[in-house]
Amino acid sequence: MLSNTKIEVRRSPRRRRTVSAYRDGDTTVVLVPATFSRAEEKRWVGRMLQRLEAREGGRHSGDTELHERAVELARRYLGGTELPDSVRWVDNQNTRWGSCTPDTRTIRISRRLTGMPAWVVDYVLIHELAHLFHADHGRAFWALVHRYPKADRARGYLEGYSAATRTEPCGHGGEDADDRLDEGEIALDGALEGADTDLRGS
């Protein structure tokens with residue numbers, strides 16, 4: 001449950017009327033306006049935790065359901081000829097949305113996506129499934145991804161989410177230890193850098 005996770009409140013002088021919250025590994029991050037009083041902050045943190053718990057409770061699926069959804073998407077949009085052996089939620093991908101190791105046909109999806117719309121999760125699954133056909137991000141890869149009707153919309157959603165939750169510039173000094181790619185692993189990171197690149201995030 002979210003109530004058992006660590007809570008980090010971030011105050012932003014750029015925020016005026018909005019409050020948002022999201023999961024970042026085992027931490028729940030709540031973004032509030034810098035003008036909030038402590039009482040307002042406490043009230044809104046409680047409210048946002050309840051909302052996240054309700055959304056995750058209604059939408060969260062286990063690894064079995066996630067794998068079944070991936071297979072369904074592969075059959076519907078990618079011909080069903082290349083299916084994953086394993087698809088699972090992971091908690092240690094804090095700078096990417098998903099990753100795929102084509103050699104082992106293994107896909108990992110960041111649990112940060114559990115509170116997002118289902119069509120966004122489907123897009124990340126499609127992106128990783130397309131890596132079972134193409135390890136790179138060339139034209140053939142993107143042609144497969146764009147068989148999913150909401151691909152552009154979902155990419156825009158993830159780009160906007162990353163921009164909205166970024167509180168400081170991304171460092172270039174290296175990756176978190178848990179986020180380093182294994183050999184043969186391909187990742188979908190969380191801002192758009194171009195048509196032939198991954199999505200890079202906060």
Side-chain angles (χ1 to χ4, degrees), residues 8 10 12 14-15 18-25 27-31 48 51-52 55-56 58-61 66 69-70 72-74 76-78 84 87-101 107-132 134-139 141-172 175-176 178-181 185-202:
E8 178 182 342
R10 297 179 185 171
S12 171
R14 291 178 294 182
R15 284 181 177 264
T18 61
V19 178
S20 63
Y22 65 96
R23 294 289 303 278
D24 186 1
T27 300
T28 300
V29 179
V30 183
L31 307 170
M48 297 307 290
R51 288 184 183 179
L52 279 176
R55 289 170 76 180
E56 290 194 352
R59 209 194 313 264
H60 178 72
S61 60
L66 189 67
R69 181 61 179 164
E72 178 185 343
L73 290 167
R76 183 185 304 178
Y77 297 108
L78 304 178
V87 184
R88 60 189 175 88
W89 295 104
V90 294
D91 294 311
N92 65 350
Q93 290 191 359
N94 298 323
T95 60
R96 65 176 61 96
W97 302 115
S99 60
C100 174
T101 306
I107 291 173
R108 290 155 302 283
I109 302 297
S110 172
R111 205 177 293 276
R112 292 185 299 151
L113 287 163
T114 56
M116 296 187 186
W119 51 270
V120 175
V121 179
D122 285 353
Y123 165 72
V124 176
L125 286 169
I126 287 285
H127 184 110
E128 301 309 333
L129 288 164
H131 279 308
L132 296 178
H134 303 285
D136 60 12
H137 289 94
R139 291 184 179 180
F141 169 84
W142 286 111
L144 285 180
V145 171
H146 281 96
R147 290 183 185 180
Y148 180 60
K150 295 182 179 179
D152 288 335
R153 181 182 176 195
R155 287 183 70 179
Y157 182 101
L158 292 172
E159 180 187 26
Y161 179 92
S162 295
T165 57
R166 188 179 296 123
T167 56
E168 56 188 35
C170 290
H172 298 286
E175 298 173 288
D176 293 339
D178 289 340
D179 281 339
R180 293 194 183 114
L181 292 176
E185 184 180 2
I186 303 161
L188 171 62
D189 296 339
L192 284 176
E193 295 182 352
D196 293 330
T197 65
D198 267 339
L199 298 175
R200 257 203 192 287
S202 55

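In this chain, numbering begins with 1 at the start of the sequence shown.
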Could you grab the distance from atom [atom1] of [X] to atom [atom2] of [Y], nearest 0.5 Å is fine?
X: Glu8; Y: Thr28; atom1: CD; atom2: OG1; result: 10.0 Å
X: Arg88; Y: Ile109; atom1: CZ; atom2: CD1; result: 10.5 Å
X: Leu144; Y: Leu78; atom1: CG; atom2: CG; result: 5.5 Å
X: Arg108; Y: Cys100; atom1: CZ; atom2: SG; result: 7.0 Å

If I compare all heavy atoms of Leu113 with all of Trp89, which pair ends up nearest, and what's the gap?
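For Leu113 and Trp89, the tightest heavy-atom pair comes out as CB-CZ3, 4.2 Å.
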Hey, are the side chains of [X] and [Y] touching, using non-hydrogen atoms and a 4.5 Å cut-off?
X: Leu158; Y: Val124; result: yes
X: Leu66; Y: Leu125; result: yes
X: Ser162; Y: Trp97; result: yes
X: Leu129; Y: Tyr77; result: no
X: Glu128; Y: Tyr123; result: no
X: Pro84; Y: Leu132; result: yes

When you check the gap from the basic side-chain N to the acidic O, do Glu72 and Arg76 get nearer than 4.0 Å?
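A salt bridge is present here (some side-chain N lies under 4.0 Å from a carboxylate O).
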Would you call Asp122-Arg69 a salt bridge at under 4.0 Å N-O?
yes
What do the steps show when you test Val29 against Arg10 for side-chain contact (heavy atoms from CB on, under 4.5 Å), and what is the final call?
CA-CA 7 Å; Val29 179; Arg10 297 179 185 171; 3.6 Å; yes
Are Tyr148 and His127 an aromatic pair, judged by ring center distance below 6.0 Å?
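Between Tyr148 and His127, which both carry aromatic rings, the centre distance is not below 6.0 Å.
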Anything under 30° is parallel, anything over 60° is perpendicular, the rest tilted; go ahead and classify His146 against Trp142.
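Aromatic pair His146/Trp142 classed tilted.
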The side chain to side chain contact (heavy atoms under 4.5 Å, CB included) partners of Ser12 (sequence neighbours excluded) come to Arg14, Arg15
